[in-house]
Amino acid sequence: LLKNIIAITFIAGTSIVFAGGTTNQSSNDSYLSDIYGQYKISYGSIDFSLYSGDAISSDREGANYLPVEFEAWVGKKLSSDLEGIVRLKYAKYNTLGQKGTSGPDDTPNKVFSAEGMLIKDYSNFTSYSALQYIRSREFAYNDRTSAEVYHTLFHGSLGGVYSQSDHNASFIGFGIASTSDETSSSAYVDEVIYLQLGHNIQITENLDFTLQHTEYQYEKKHSEGSDKDGREYQYSEANFNYRYHDYDLGLKFGRIDNNGPDFAHAKADTYMFSISVPFGSKSSKRTGLIVNNRPDIEFMNGFTAGPTDQ
C-alpha cells in the first residue's frame, strides 16, 4: 500500500507525499473578518513489500496503491482568538495489480469526508477540537462473489500547536474514530484510537520541514468470527513544503509499520506529491499546521482490515 493520512507490520515500499503548503502569518488584523483557505490535489503511491505466507500475498490483497486526493478547506475568524474551519476531502485509491485472482481487494477504494473544526489561539499556543464524517466504499469478496460495501465512520479529535519560536513549532493530536456498521461479507475496523506527535521547522522563508509520528490502536470486526482487540500499528512521515509564488508544493515520505505476535506481516513505504493553492486572506502559521497535518483516518481505518490484517 498511504490518504493523503495518510502507519502494523508492513512490507517495505517507497513513498512520497506532496502536502499542501503551510500558510503565512499576517501582521494585519484586517483579515479577521475575511474568508481564507486552500485547495489541494495530491498523487502518490503506497507500496507494500510481499513476504511468503503473509496475508497481503493471498488472493484478495493488492500490494500497491496509487492514491489521488482532492481536498479543500475554508476558515473564518469568529472572534479575535477563535476561528471555524470546514474541510472536505475526496480520495480514490487505485489498486496497481493484485497477487491473486480469486477476488477484489477488500480495502477502501473511494472515500469522502467532511470535517468541522474550532481553533482557539493563545499567546504561544493554539488548541483545536474537530468532528469528521467519513463515508468509504470497498469491494467485499465472499464465496467467489463480490459486492460493493459502504462504511460510515465518525471521527472526533482534539490537540494543539505550541510555538517555541517563529521558526519552530510542535503539535500533538489525540482522536478516536468509530462506526456502528455491520457487514456479512468482509472484515472491517469499527474503532481506531491514535496519538499524533509532530514538529515543524521553517528552514527558509519559503521552505518548511515537518516530521511526525502517529501511534494507532484498532479493533477489528467480522460477522463470521470473534473481535480482535488492541492491535497496534504506526505511521511516520517526513514532509517538505515549498512556497513558490502563489502555490505550495509538497513532497512527503511515509512509513507504515506493524509489529505483533498475531498480525499479518506487512510494511509499506509511501510517497505523495501535492500542489496547493491558498485563497482569500492569510491564515496563521499554526492554523496551517493543524489543518495540513490531519491524520489520514479515511484510509488507515480501512486498510487495517485489508492487507495488514486477514
Side-chain angles (χ1 to χ4, degrees), residues 3-6 16-44 67-91 112-121 126-128 130 132 159-161 163 166-169 171 173 198-212 237-252 272-296 298:
K3 276 122 295 355
N4 225 240
I5 25 259
I6 243 52
I16 299 175
V17 179
F18 244 164
T22 56
T23 53
N24 298 322
Q25 284 184 308
S26 173
S27 60
N28 189 342
D29 289 340
S30 64
Y31 77 96
L32 294 180
S33 61
D34 295 335
I35 296 293
Y36 47 89
Q38 176 182 276
Y39 302 106
K40 181 172 74 172
I41 181 171
S42 306
Y43 177 80
V68 179
E69 300 176 354
F70 302 91
E71 184 178 346
W73 65 268
V74 59
K76 181 176 176 60
K77 283 286 185 176
L78 305 178
S79 67
S80 60
D81 59 358
L82 182 68
E83 59 187 307
I85 302 289
V86 175
R87 185 175 72 99
L88 301 176
K89 181 179 178 181
Y90 173 79
F112 168 80
S113 69
E115 185 173 34
M117 306 179 69
L118 287 176
I119 297 178
K120 176 79 170 178
D121 286 323
T126 296
S127 65
Y128 73 87
Q132 184 180 21
V161 175
S163 297
D166 292 339
H167 303 291
N168 287 271
F171 55 91
H199 187 75
N200 172 264
I201 299 174
Q202 185 173 339
I203 300 175
T204 68
E205 182 179 355
N206 295 322
L207 180 63
D208 277 63
F209 172 72
T210 302
L211 186 67
Q212 64 173 296
E237 72 174 29
N239 187 358
F240 295 88
N241 290 290
Y242 181 74
R243 181 78 173 182
Y244 180 75
H245 297 298
D246 294 330
Y247 303 95
D248 286 323
L249 307 177
L251 173 61
K252 182 165 63 179
M272 191 171 288
F273 303 96
S274 71
I275 181 169
S276 306
V277 183
F279 62 86
S281 303
K282 295 179 180 179
S283 64
S284 72
K285 176 79 172 187
R286 287 181 291 201
T287 294
L289 282 176
I290 292 171
V291 180
N292 292 317
N293 289 283
R294 302 297 290 142
D296 194 5
E298 298 94 329

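All of these numbers come straight from a predicted model, not from anything done at the bench.
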Roughly how far, to the nearest 0.5 Å, is [atom2] of [Y] from [atom1] of [X]?
| X | Y | atom1 | atom2 | answer |
| --- | --- | --- | --- | --- |
| K40 | D248 | NZ | CG | 10.0 Å |
| L249 | N241 | CG | CG | 9.0 Å |
| N292 | T210 | CG | OG1 | 9.0 Å |
| D34 | K76 | CG | NZ | 7.0 Å |
| T204 | Y242 | OG1 | OH | 7.0 Å |
| I85 | I119 | CD1 | CD1 | 4.5 Å |

>> Run the side chain to side chain donor-acceptor pair (under 3.5 Å) test against N206 and tell me which residues pass, sequence neighbours left out.
In response: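 So N206 forms no side chain to side chain donor-acceptor pair (under 3.5 Å) with any residue.
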>> Between I41 and I275, does the side-chain contact (heavy atoms from CB on, under 4.5 Å) criterion hold? Intermediate values first, please.
In response: CA-CA 6 Å; I41 181 171; I275 181 169; 3.3 Å; yes
At their closest point, which heavy atom of [X] faces which heavy atom of [Y], and how far apart are they?
| X | Y | value |
| --- | --- | --- |
| R243 | P278 | NH1-CG, 3.0 Å |
| L289 | A169 | CD1-CB, 3.8 Å |
| S113 | E298 | OG-OE2, 3.0 Å |
| S80 | K77 | O-NZ, 3.8 Å |
| G173 | Y128 | CA-OH, 3.5 Å |
| Q212 | N293 | NE2-OD1, 3.1 Å |

> What pairs with F279 under side chain to side chain contact (heavy atoms under 4.5 Å, CB included), at least two apart in sequence or on another chain?
Replying inline: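 Expected list: I35, Y39, V74.
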>> Show, in sequence, the C-alpha distance, side-chain angles and deciding distance for K120 and D81, and conclude whether the side-chain contact (heavy atoms from CB on, under 4.5 Å) test is met.
In response: CA-CA 6 Å; K120 176 79 170 178; D81 59 358; 2.9 Å; yes
Flag the pair [X] / [Y] as yes when at least one side-chain heavy-atom distance between them is below 4.5 Å, and no otherwise.
| X | Y | value |
| --- | --- | --- |
| K285 | D166 | no |
| Q38 | V291 | no |
| F70 | L88 | no |

> K89 and E115: side-chain contact (heavy atoms from CB on, under 4.5 Å), yes or no, with the steps?
Replying inline: CA-CA 9 Å; K89 181 179 178 181; E115 185 173 34; over 6 Å; no
> When you measure from the side chain of H199 to the backbone N and O of F171, does any donor-acceptor pair fall under 3.5 Å?
Replying inline: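 Not at all, since once roles are kept as given, no pair shorter than 3.5 Å links the two residues.
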>> With side-chain contact (heavy atoms from CB on, under 4.5 Å) as the criterion, how do E71 and R294 come out once you've worked through the C-alpha distance, each side chain's angles and the decisive distance to 0.1 Å?
In response: CA-CA 12 Å; E71 184 178 346; R294 302 297 290 142; 5.6 Å; no
> With sequence neighbours excluded, what pairs up with Y247 under the ring pair (Phe, Tyr, Trp, His ring centres under 6.0 Å) test?
Replying inline: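 Ring pair (Phe, Tyr, Trp, His ring centres under 6.0 Å) list for Y247, sorted by chain: empty.
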> Do the rings of Y36 and W73 sit parallel, tilted or perpendicular, given the 30° and 60° boundaries?
Replying inline: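 The arrangement is perpendicular - the two ring planes meet at more than 60°.
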